[in-house]
Amino acid sequence: MSILSILTEPAILIISACFLFFIITVLRNYQRVEQNLNAVYKFLKSLNKKELSYRFNDLDAFMLNNPYTVTAWEDFKKALIFPEKLSLVSKNPVTPAELKPEVYLTMDASYFFNEETLVYSKINHKFIQTMPTLLTGLGPFFTFLKMAFAFTAVSFSVDANVGESLNGLLGNIQIAALCSVFAVGFSLLFMFIEKILYSKMCKKYYLLIQKEFIRLFDIVTSEKFLIDLVKESKIQNVTNEKLLKAMPENFAKAMEKSISETTLPYLENILYSLNKLNEGFDKGKGGDVVDKLF
């Protein structure tokens, strides 16, 4: 039996077609993943840690527009700490040298951007994992199917046809065995190719994205954040206490300054005007009326 006749057997052709279909399906899915994750990686790589506060709006817009990161990014933002200075920077931009990393992360980035969120949820991962099993299952199926047809084609009714029938039976059994061999072989080859494609087109980029997030965001643990919050609260309490103690003295100084700078000059102007008015009445012999007022 020639190799060409073996390869042209319908059962082996079906197994080969399924193998090619599975490979093409995996390749197309992984290419989409690679394209989107590579774009994310290049954008993150272009960011500078010192400019993160200034360019956070650009990062937010990019991650929301990418269908492979929008869900994970929404959850990721909830774990970030945004100081008040971030809103001031957006209104009054400063030079990159004056900026410091002001956006902090409270959880590890791999919790949000991982294999499940970036790859598995974007492809039909369960179906891809069952492809080798399907290929392996096609082997026994076509093996027994071919053997069933082979036995039905055997005829012992005529002695002249016995030898020919046995030769046909053996040939069909050989084809049936090769169905299982091809199926198992294609299954092993598929797993090997799929692992290589996944490593180079998917795993590589989601790991690089994790490293970029670690580079850009300083992680602040919950314990450290609470300690800093307590320290800041104590500093505010001391400052408020000093302000309250100085308030009476400052109020007295402010009142004295207001009286000396505003009220006294105003009264002096009134007295000066009345004196001028009194002089006018004296000249007109009407000064006694003003004298009685004082």
Side-chain angles (χ1 to χ4, degrees), residues 7 9-45 59-60 62-79 105 107-148 176-214:
L7 295 177
E9 281 291 327
I12 294 179
L13 285 176
I14 293 174
I15 295 174
S16 301
C18 289
F19 170 74
L20 293 175
F21 172 74
F22 291 160
I23 289 293
I24 293 173
T25 301
V26 168
L27 186 60
R28 292 180 61 184
N29 279 276
Y30 288 175
Q31 281 180 338
R32 286 196 297 267
V33 173
E34 181 185 27
Q35 182 180 0
N36 285 275
L37 296 188
N38 187 30
V40 175
Y41 168 67
K42 288 182 177 179
F43 184 82
L44 293 176
K45 191 177 180 180
L59 174 61
D60 183 40
F62 180 85
M63 299 298 281
L64 291 177
N65 290 329
N66 191 306
Y68 278 65
T69 58
V70 57
T71 304
W73 177 252
E74 288 288 354
D75 296 332
F76 179 79
K77 285 197 299 183
K78 297 176 183 178
L105 180 61
M107 298 180 66
D108 192 87
S110 60
Y111 180 80
F112 305 96
F113 298 96
N114 49 50
E115 194 173 29
E116 176 63 34
T117 58
L118 295 179
V119 182
Y120 289 169
S121 61
K122 310 306 177 183
I123 59 176
N124 199 343
H125 178 66
K126 292 184 177 180
F127 178 60
I128 292 176
Q129 293 302 306
T130 58
M131 287 179 180
T133 305
L134 292 175
L135 284 173
T136 305
L138 290 176
F141 172 77
F142 283 112
T143 295
F144 289 108
L145 184 64
K146 189 69 176 177
M147 292 178 65
L178 287 175
C179 289
S180 294
V181 172
F182 271 87
V184 174
F186 280 141
S187 178
L188 295 175
L189 183 60
F190 173 84
M191 288 189 291
F192 180 73
I193 296 175
E194 189 270 336
K195 293 299 181 184
I196 293 177
L197 293 177
Y198 180 81
S199 179
K200 291 186 176 181
M201 303 176 70
C202 301
K203 185 177 181 179
K204 169 185 175 182
Y205 287 103
Y206 85 74
L207 291 177
L208 289 174
I209 289 173
Q210 289 180 356
K211 290 182 180 179
E212 289 301 316
F213 275 110
I214 293 173

Any donor-acceptor N/O pair, [X] side chain to [Y] backbone, under 3.5 Å:
X	Y	value
T25	F21	yes
S199	K195	no
T143	A177	no
N36	R32	yes
N114	Y111	yes

Which atoms form the tightest heavy-atom contact between [X] and [Y], and what is the distance?
X	Y	answer
M191	P132	CG-CG, 3.5 Å
Q129	E194	NE2-OE2, 4.3 Å
A11	F142	CB-CD2, 3.6 Å
I15	C179	CD1-O, 3.5 Å
F112	T117	O-OG1, 2.7 Å

Side-chain contact, heavy-atom cut-off 4.5 Å: [X] with [Y]?
X	Y	answer
L189	I23	no
I123	Y30	yes
I193	F190	no
Q31	L27	yes
C18	L135	yes
L64	E74	yes
V26	M131	yes
L138	F186	no

*asked:* So for atom NZ, which belongs to K204, do other residues, nucleotides or ligands contribute more than 12 heavy atoms lying within a distance under 6.0 Å?
replied: no
query = Hey, is CD on Q35 packed in by over 12 heavy atoms from elsewhere, all under 6.0 Å?
reply = no
Checking ring-ring contact (aromatic ring centres under 6.0 Å, His included) between F213 and each of F43, Y206, F113, which is the one that passes?
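Between F213 and the candidates, ring-ring contact (aromatic ring centres under 6.0 Å, His included) is satisfied uniquely by F113.
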Pair S16-I12, side chain to side chain contact (heavy atoms under 4.5 Å, CB included): steps then yes or no: CA-CA 6 Å; S16 301; I12 294 179; 4.1 Å; yes
Report task. Quick one: do Y120 and I128 satisfy side chain to side chain contact (heavy atoms under 4.5 Å, CB included)? Show the steps, please. Result -> CA-CA 10 Å; Y120 289 169; I128 292 176; over 6 Å; no
As an exercise, state the distance from [atom1] of [X] to [atom2] of [Y], rounded to the nearest 0.5 Å.
X	Y	atom1	atom2	value
L37	K42	CG	NZ	12.5 Å
K77	M63	NZ	CE	10.5 Å
C202	K122	SG	NZ	13.0 Å
N29	F127	CG	CZ	10.0 Å

With side chain to side chain contact (heavy atoms under 4.5 Å, CB included) as the criterion, how do I209 and L44 come out once you've worked through the C-alpha distance, each side chain's angles and the decisive distance to 0.1 Å?
CA-CA 8 Å; I209 289 173; L44 293 176; 4.0 Å; yes
ask   = Between L59 and W73, does a side chain to side chain contact (heavy atoms under 4.5 Å, CB included) hold up when you go through it step by step?
value = CA-CA 10 Å; L59 174 61; W73 177 252; 3.7 Å; yes
Can a donor-acceptor pair be found between the side chains of Y198 and E115 at a distance below 3.5 Å?
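Yes, side-chain donor-acceptor contact under 3.5 Å.
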